[in-house]
Amino acid sequence: MEGLPGSLCLPQISRKRVRPIQFTLVLFAVFSYTFTYLLWRNTATETLPINSEAIIAQCRALHLTPGPPDDFGSRTQSDRFAEGTKPTLIRNATIWTGLDEGNEVIHGDILIDKGLIKKLGLVDLRSYAGVEVLDAAGAWVSPGLIDLHSHIGVASLPVLNGAADTNSYHGPILPWLASLNGLNTHDDSYRLAVAGGVSTANVLPGSGNAIGGQAFVIKLRPTAERSSSAMLLEPPFSLNGTYIDPFRRPRWRQIKHACGEYPSLAYSGTRMDTQWAFRQAYSTARKLKEKQDHYCAKALSGAWKGLGDFPEDLQWEALVDVLRGRVKVHIHCLEAVDIDAMVRLTNEFKFSIAAFHHAHEAYLVPDLIKKVYGAHVPAVALFATSARFTREAYRGSEFAPRILADNGLDVVMKSDHPVLNTRHLMYEAQRAHYFGLPANLALASVTSTPAKVLGQDHRIGRITEGYDADIVVWDSHPLSLGATPRQVFIDGIAQLDKPYTSVKPKSAQHTPTTPNFDKEIADAIKYEGLPPLEPETAKADVVVFTNVSSIFVKNPTTRRVDEVFKCNAHGVVVVVEKGRIVCYGTYATCQNAVPRLDALHIDLEGGSIFPGLVSFGSSLGLTHIFREASTNDGIVFAPPNMKGPGIMDRTIVKAADETGVTSAVVAPFTGGFYAGAAVRGFVSGLSTVFSTVAAHKLADGAIIQETAALHVMLSLSWSSPSLSTQLAALRGLLLGEGEGDLARRFGDVVAGKIPLVVHAESADVIASLLALKKEVEEVKGSIIRLTLAGATEAHLLAREIGKAGVGVIVMQRPFPTTWEQKRILPGPPLAQSSAITVLVQYNVTVGIMVGDPPCEAQNTRFDMTWAELESNGIFQKATSLELVSTNLEILLGVTSRNSNTDLVATKGGFGFEGKVIAIISSRRGFVHLV
Ligand SMILES: *[C@@H]1O[C@H](CO)[C@@H](O)[C@H](O)[C@H]1NC(C)=O
Ligand SMILES: *[C@@H]1O[C@H](CO)[C@@H](O)[C@H](O)[C@H]1NC(C)=O
Ligand SMILES: *[C@@H]1O[C@H](CO)[C@@H](O)[C@H](O)[C@H]1NC(C)=O
Ligand SMILES: *[C@@H]1O[C@H](CO)[C@@H](O)[C@H](O)[C@H]1NC(C)=O
């Protein structure tokens with residue numbers, strides 16, 4: 001036109017005077033267009049936008065509910081099938097299918113092919129070629145386990161700053177974030193999780209935000225593609241941001257919410273701030289949803305005029321989907337006050353909640369949970385025994401799963417990996433069962449129930465034809481202590497190359513017969529999680545235990561545990577007078593010891609009497625509520641602190657003694673995993689031995705031994721001096737370079753008067769310590785009693801440690817939390833032996849420690865029994881008792897004179913059949929009834 005190209009012409013034209021002829025033409029055009037338009041409107045057909053069909057489809061799709069396509073049940077191959085995987089027949093299995101509310105068990109074969117369970121029952125292989133056969137020989141088989149609450153991959157192990165992808169701190173409301181974006185494919189945990197039978201995990205963002213972001217369901221096996229996306233199970237179609245077929249039923253999405261302490265702490269706010277943040281966010285989402293609905297109402301009725309584009313906003317689309325009922329909302333919410341606020345929020349904005357996670361107070365308010373908006377009552381996802389570590393968890397109860405189930409709520413057990421090791425997810429279900437959750441629901445709590453909560457129960461969580469071939473073949477009943485997979489299939493692929501198995505006792509092939517906890521359950525509700533703790537003392541001077549199947553006592557000379565009586569069919573009676581065993585044998589033999597009146601008879605039903613257990617490793621006794629500063633002894637800073645423990649919390653200590661732990665050795669707290677980037681004291685101080693049965697520190701017999709051992713911590717960390725500096729300092733102190741009290745205490749160590757307990761993890765540090773010990777001993781001409789605590793990599797130097805006469809205290813179940821703990825010996829099914837077994841075989845004196853939070857002390861009896869089961873017959877019962885009694889005392893410097901002489905009486909066995917019912921205390925001269 002004016003010699004100017006393209007769009008640059010336009011402004012110039014507009015500045016020109018318009019000539020009349022042109023004006024007329026334009027006027028005509030406008031007029032005729034309007035006329036045609038009106039005519040068209042009158043015939044009820046408005047001008048359709050070019051993409052009207054797409055818009056209509058999009059609008060119609062808003063009403064589709066998520067789930068599998070209608071023909072999903074007739075699929076012949078899994079979308080996750082890996083080409084080249086051979087069909088497998090699992091022959092002669094005892095199959096817990098997950099059907100009939102978890103009550104169905106069938107005996108037969110399972111044929112898996114194309115990533116699916118093809119056939120159950122008696123399978124005729126004639127039409128199949130090249131089938132691998134696994135003879136289960138009657139073994140228990142369950143669906144692959146599903147961890148509803150995991151941070152696997154986003155909080156990768158070992159913990160490194162470069163892999164902290166759980167919490168974003170860019171604001172309390174972040175629904176637009178996706179955990180998938182942080183999903184590391186090299187987490188050491190995947191292999192361990194699979195070895196525990198876990199096939200699927202819901203990977204959640206952290207709880208530092210009110211809305212932390214979207215969660216993703218993954219399968220844990222390695223994939224050929226090696227990508228994060230290849231791990232996903234049924235990801236939402238919107239994941240790629242490409243065209244979404246509006247005629248396909250959408251898939252379920254998952255999102256993380258949190259309320260209570262965590263978002264408050266992260267944003268220096270309060271519960272009030274968090275709830276307002278939620279309301280603001282949901283109000284924004286609701287406005288957008290209403291705009292969309294309004295838009296679609298017009299589009300679907302053909303009122304296209306001025307309609308414009310479909311209202312969308314990438315930041316809020318996920319929450320709009322929540323309001324449309326297409327997202328499973330997982331909310332970390334512990335206390336009644338928080339659950340109440342969420343109930344109101346869901347009713348205000350009309351959305352439902354899939355599950356309350358960590359809901360420690362849910363069992364106190366089951367009816368409140370039922371008031372959440374929508375037809376679906378949220379499930380409650382819990383830990384078995386990890387409670388009381390924050391105010392929010394303080395009223396937590398191990399009976400919560402049972403109480404919730406009694407109230408008709410769905411119960412899920414979860415790991416919160418890496419808070420607990422997802423590998424032992426089944427252990428959570430086992431203990432929920434121990435504390436009263438019926439077996440069918442306990443098994444469902446880690447399989448079919450989480451599958452339902454995730455909206456994936458059309459393909460995982462059960463063993464039934466057409467489901468994904470995620471299957472665990474167990475070496476014993478999955479609810480029995482120490483149950484270990486013999487093989488794990490995910491998508492039909494066997495995950496264990498060369499599984500190691502240990503032989504389990506016959507009794508482990510049945511559902512454990514758990515004790516009766518009816519009174520404890522009623523008390524948990526009555527006292528809102530804080531039942532009274534005053535110990536009850538038997539009034540009679542003489543207590544007769546009948547039907548006792550075994551008695552173990554400490555031998556003060558050898559400092560070993562002796563089995564003084566081997567069980568026979570009828571058991572024996574044990575007569576206790578003023579806290580001392582005065583007779584054991586048949587009733588006739590002990591008749592003289594029993595007064596005719598006034599004796600209390602207690603039937604142990606085949607149970608045992610054994611030495612009170614010792615707890616070490618947690619801050620038991622130094623803390624009331626682990627993460628509340630005002631209830632803690634505090635962290636020891638670099639300068640040496642030579643004080644014993646200051647406070648003792650009855651609640652937690654009592655929880656320990658009810659499970660057979662009657663004394664504890666505690667050293668001042670030096671930080672650790674829970675403390676985050678804690679300041680680690682180098683010399684942490686002197687440990688003290690105290691009784692968990694005493695009412696307070698000044699009670700008679702409360703402090704068993706004021707000074708037991710000197711504790712030192714050596715670790716790689718930016719926040720402490722270099723390891724070589726730490727070792728040099730230790731060398732100096734041992735060679736007499738200290739001053740004052742410090743020098744005196746190290747003098748005691750060099751003179752062999754008290755042990756030096758060094759908390760060290762890596763084999764490299766341990767090697768340096770062994771060399772240092774030798775050097776100092778040569779210079780000083782004495783023998784140092786060295787104990788290694790933590791010592792996750794000690795098995796690598798078992799021979800050298802044994803030769804050096806050094807003792808080791810380890811966790812029963814190793815976990816590669818930090819870099820220095822990376823080289824764990826995982827035990828069966830990944831390795832022939834556990835670290836404990838290997839060390840014992842090299843004649844190392846071994847003790848078992850627990851970690852924080854301190855409530856873990858109550859699992860000591862299970863740890864000991866588990867260690868014995870893993871030893872594959874190498875340990876006797878007495879050996880495993882030594883691991884948590886005499887060995888710990890020797891290694892921690894408890895003198896023979898101060899050795900705890902309390903005995904514990906249990907009803908039933910040592911594992912999940914047993915219950916501690918009495919503490920026999922010769923020191924205090926009475927029997928204390930638990
Ligand atoms: C299944 O295994 C058990 C235990 O080994 C065995 O007694 C039984 O005979 C087996 N049944 C079949 C059908 O092979
Ligand atoms: C994302 O894109 C890839 C590659 O085109 C495709 O294979 C995959 O199915 C898509 N995923 C989803 C969830 O749509
Ligand atoms: C001992 O207890 C076991 C287990 O409860 C029981 O089967 C047995 O009958 C009891 N024996 C006696 C003599 O009471
Ligand atoms: C452990 O001690 C026993 C008994 O003293 C001895 O026979 C055995 O050789 C020792 N084992 C090792 C690995 O040192």
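Along the sequence shown, the residues carry numbers beginning at 1. We count ligands from 1, going down the list as the structure has it; atoms in each ligand are counted the same way. Values reported hereafter were calculated over all heavy atoms of this structure, with side chains retained and with hydrogens, waters and symmetry mates removed.
The six-membered or imidazole ring of Phe862 lies near that of Tyr434, with a centre-to-centre distance under 6.0 Å.
Under a 3.5 Å cut-off, the side chain of Thr94 and the backbone N or O of Gly138 do form a donor-acceptor pair. Judged by distance alone, the side chain of Gln487 and the main-chain N or O of Leu496 form a donor-acceptor pair under 3.5 Å. Using modelled atom types, no side-chain atom of Arg91 and backbone atom of Ala137 make a donor-acceptor pair closer than 3.5 Å.
The protein atom (non-hydrogen) at minimum distance from atom 1 (C) of ligand 1 is Asn92 ND2, 1.4 Å. The protein heavy atom nearest to atom 4 (C) of ligand 1 is Ala137 O, 3.3 Å. Residue, atom and distance of the protein heavy atom nearest to atom 2 (O) of ligand 4 are Asn843 ND2, 2.2 Å.
Under the 4.0 Å distance rule, the nearest protein heavy atom to atom 7 (O) of ligand 1 falls outside the cut-off. Within 4.0 Å of atom 14 (O) of ligand 4, at least one protein heavy atom is present.
Summarising the contacts of atom 11 (N) of ligand 3 with Thr546, Asp603, Asn547, Leu604, the nearest heavy atom is found in Asn547.
Residue contact annotation: Gln841 has a non-hydrogen atom under 4.0 Å from ligand 4.
Atom CZ of Arg560 has 12 or fewer heavy atoms from other residues, nucleotides or ligands within 6.0 Å.
A cation-pi geometry, defined here as NZ or CZ lying under 6.0 Å from the six-membered ring centre and within 45° of its normal, holds between Arg431 and Tyr427.
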